[in-house]
Number of protein chains: 2
Amino acid sequence: MSGTRREIPNDPGRKERILDAALDVISECGVHSTTHRKIAARADVPLGSLTYYFDGMADLLAQAFARLSDTMSRLYRQTLLSAGSTAEAEAAVVELICGPAYATERDMTLIFEMYAYANHNAAVSVTTRTWLERSRDSLALHFTPGVSRALDALIEGWPMHRAFADAPLDRRLVTETVHAIVTAGPRLSTDRA
Amino acid sequence: MSGTRREIPNDPGRKERILDAALDVISECGVHSTTHRKIAARADVPLGSLTYYFDGMADLLAQAFARLSDTMSRLYRQTLLSAGSTAEAEAAVVELICGPAYATERDMTLIFEMYAYANHNAAVSVTTRTWLERSRDSLALHFTPGVSRALDALIEGWPMHRAFADAPLDRRLVTETVHAIVTAGPRLSTDRA
DNA sequence: CTCAAGTCTGTACGACCGTACACACTCGTC
DNA sequence: GACGAGTGTGTACGGTCGTACAGACTTGAG
């Protein structure tokens with residue numbers, strides 16, 4: 001408008017492709033052996049692109065994890081939004097814990113990596129905190145704050161065990177545990193939100 | 001006995017000091033930026049010692065995490081062994097979730113790092129699996145298998161949230177949730193162990 | 001003491017990494 | 001077509017890393 005074009009990328013969407021490639025590399029190699037070169041190769045972009053779009057490795061990882069967190073939060077919320085009753089919400093929670101849809105092996109690995117890395121990177125730390133808060137907010141659509149907190153802990157902890165156990169989760173046990181917590185709901189104190 | 005001495009180290013305990021130093025470095029810097037040199041400096045031993053005692057970085061990390069797992073398992077078991085009744089066992093579980101004794105910031109960070117690294121290292125993967133099994137076995141001293149599994153998930157997941165939340169855990173809520181699960185115990189199926 | 005056998009270490013090397021930056025390319029404007 | 005502002009890239013450099021290894025050191029036996 002003022003004479004010459006501005007800020008018009010030659011290859012739109014490139015940044016996102018790099019972030020997706022980064023998540024792929026992280027899930028396969030772990031943050032500890034993720035490098036610019038591996039990501040560039042995976043995204044099929046030149047090495048220089050990474051320093052062009054991102055301000056160093058820490059920035060790249062932070063944005064990749066932010067993207068992961070966003071994707072997961074959306075899936076999470078959608079799953080709970082689709083529940084029309086408390087009973088359906090309970091089933092949704094069970095699904096989040098047991099179902100392969102929510103926690104693929106890739107996703108679980110990435111979440112582990114994010115939690116670990118968050119302890120050493122301020123930006124990823126707030127991303128993680130935000131993701132946990134959003135989870136709780138989604139649960140709060142159907143449950144009291146106390147129940148939400150308890151279920152959230154369960155949703156975090158149980159797939160974690162599943163990730164390392166050789167046997168699949170016992171769906172009936174999960175269902176009954178969720179129900180026990182929800183049933184105890186009215187008695188669960190909600191000291192602070 | 002057969003002529004000359006054998007396998008008598010000049011500096012016994014050195015290996016363990018290196019492993020402790022490694023855990024310090026991991027908790028401070030994360031596996032992703034843990035190096036031989038940082039560990040050597042922290043342990044105040046020459047760089048060459050690390051290659052002398054350990055067969056590469058992966059081996060060093062694996063042994064460090066094995067040491068961590070062992071320490072934690074022992075504390076865990078001791079806490080539950082000291083409970084004389086189901087009520088005391090419940091209190092012990094609450095303590096494990098809320099108490100600062102079990103999950104110091106350093107320990108939580110290390111556990112996160114172990115879980116993340118386990119997905120990329122076979123030896124650490126079995127260490128992690130063993131640690132989870134030992135946790136469940138300790139719980140089984142007081143609870144049915146089903147309840148043990150549910151509580152174990154809670155013990156894993158709740159401190160995880162605590163680690164990133166700004167507010168401390170609501171002890172009353174934890175107590176009541178644990179009680180709800182234990183109370184539901186007889187009804188909790190134990191499909192497979 | 002002397003002497004091996006075994007324990008340890010200081011140094012150096014090759015590999016790989018992150019990053020900077022000079023240059024090539026693209027495309028709206030004229 | 002020519003221009004040039006802004007977009008994107010190939011390469012090369014300094015730095016750090018893991019690791020190998022020649023040799024110094026320790027120690028019990030003779």
Side-chain angles (χ1 to χ4, degrees), chain A residues 1-26 28-65 113 117 120-121 123-124, chain B residues 1-26 28-65 113 117 120-121 123-124:
Chain A
M1 190 173 287
S2 69
T4 59
R5 79 204 172 82
R6 283 176 296 196
E7 301 173 4
I8 301 173
N10 293 347
D11 182 358
R14 164 104 96 194
K15 197 175 173 184
E16 284 69 25
R17 276 196 294 126
I18 292 175
L19 289 176
D20 285 335
L23 290 175
D24 283 344
V25 172
I26 293 170
E28 285 176 14
C29 308
V31 168
H32 73 279
S33 75
T34 292
T35 68
H36 283 158
R37 283 170 174 83
K38 284 180 185 172
I39 296 171
R42 170 64 79 122
D44 201 41
V45 300
L47 180 61
S49 275
L50 303 206
T51 61
Y52 179 72
Y53 285 105
F54 302 96
D55 188 18
M57 191 71 204
D59 178 46
L60 204 169
L61 289 174
Q63 293 198 40
F65 282 129
E113 293 287 335
Y117 188 66
H120 309 284
N121 178 292
V124 176
Chain B
M1 190 174 289
S2 69
T4 59
R5 78 203 172 84
R6 282 178 296 198
E7 300 174 5
I8 301 173
N10 292 347
D11 183 357
R14 163 104 100 199
K15 197 174 173 183
E16 284 70 24
R17 276 196 294 127
I18 292 175
L19 289 176
D20 286 334
L23 291 175
D24 283 344
V25 172
I26 293 169
E28 285 176 14
C29 309
V31 169
H32 72 280
S33 74
T34 292
T35 67
H36 283 160
R37 284 168 174 84
K38 283 179 186 172
I39 296 172
R42 171 64 78 123
D44 201 40
V45 301
L47 179 61
S49 275
L50 302 207
T51 62
Y52 178 71
Y53 286 104
F54 302 96
D55 189 19
M57 192 72 207
D59 178 46
L60 204 170
L61 289 174
Q63 294 198 39
F65 282 129
E113 293 289 333
Y117 189 66
H120 310 283
N121 179 291
V124 176

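Just so it is clear, the structure is predicted and the values come from calculations on it, not from any experiment. A note on names: the letters A, B, ... follow the listed sequences, proteins ahead of strands, and every chain is numbered from 1.
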Distance-only donor-acceptor pairs under 3.5 Å for side chains of residues 42-52 of chain A, two or more places apart:
| residue | atom | partner | partner atom | Å |
| --- | --- | --- | --- | --- |
| A/R42 | NH1 | A/D24 | OD2 | 3.3 |
| A/R42 | NH2 | A/E28 | OE1 | 2.9 |
| A/R42 | NH2 | A/E28 | OE2 | 2.5 |
| A/T51 | OG1 | A/G48 | O | 3.0 |

Please report the shortest heavy-atom distance between A/F54 and A/D59, naming the atom on each side.
-> CA-OD2, 3.6 Å
Closest approach of B/V124 and B/A62, non-hydrogen atoms and distance?
-> CG2-CA, 3.7 Å
Take the protein atom [atom1] of [X] and the nucleotide atom [atom2] of [N], then report the distance between them rounded to whole Å.
{"X": "A/M57", "N": "C/dC17", "atom1": "CE", "atom2": "C1'", "answer": "11 Å"}
{"X": "A/F54", "N": "C/dA20", "atom1": "CZ", "atom2": "P", "answer": "15 Å"}
{"X": "A/H32", "N": "C/dC16", "atom1": "NE2", "atom2": "P", "answer": "16 Å"}
{"X": "A/K38", "N": "C/dC16", "atom1": "NZ", "atom2": "C1'", "answer": "11 Å"}

State whether A/R37 places a side-chain N or O below 4.0 Å from either non-bridging phosphate oxygen (OP1 or OP2) of C/dT19.
-> no
B/H36 side chain N/O closer than 4.0 Å to the phosphate oxygens (OP1, OP2) of D/dC17?
-> no
When rounded to the nearest 0.5 angstrom, what is the spacing between CD1 in B/I39 and OG1 in B/T34?
-> 6.0 Å
In chain order, what residues pass the side-chain hydrogen bond (donor to acceptor under 3.5 Å, both in side chains) check against B/H120, with sequence neighbours excluded?
-> A/E113
Does a side-chain heavy-atom distance below 4.5 Å link A/N121 with A/L61?
-> no
Partner set under salt bridge (charged side-chain N to carboxylate O under 4.0 Å, His left out) for A/R17, not counting sequence neighbours = A/D11
Mind running a 4.0 Å heavy-atom check of residues 58-65 of chain B against DNA chain C and sending the residues that fall below it, in number order?
-> none
Near DNA chain C, which residues from residues 45-53 of chain B have a heavy atom under 4.0 Å away?
-> B/P46, B/G48, B/S49, B/Y52, B/Y53
List in chain and number order the residues that pass side chain to side chain contact (heavy atoms under 4.5 Å, CB included) with B/K38, two or more places apart in sequence or in another chain; answer none if no residue qualifies.
-> B/V25, B/C29, B/S33, B/T35
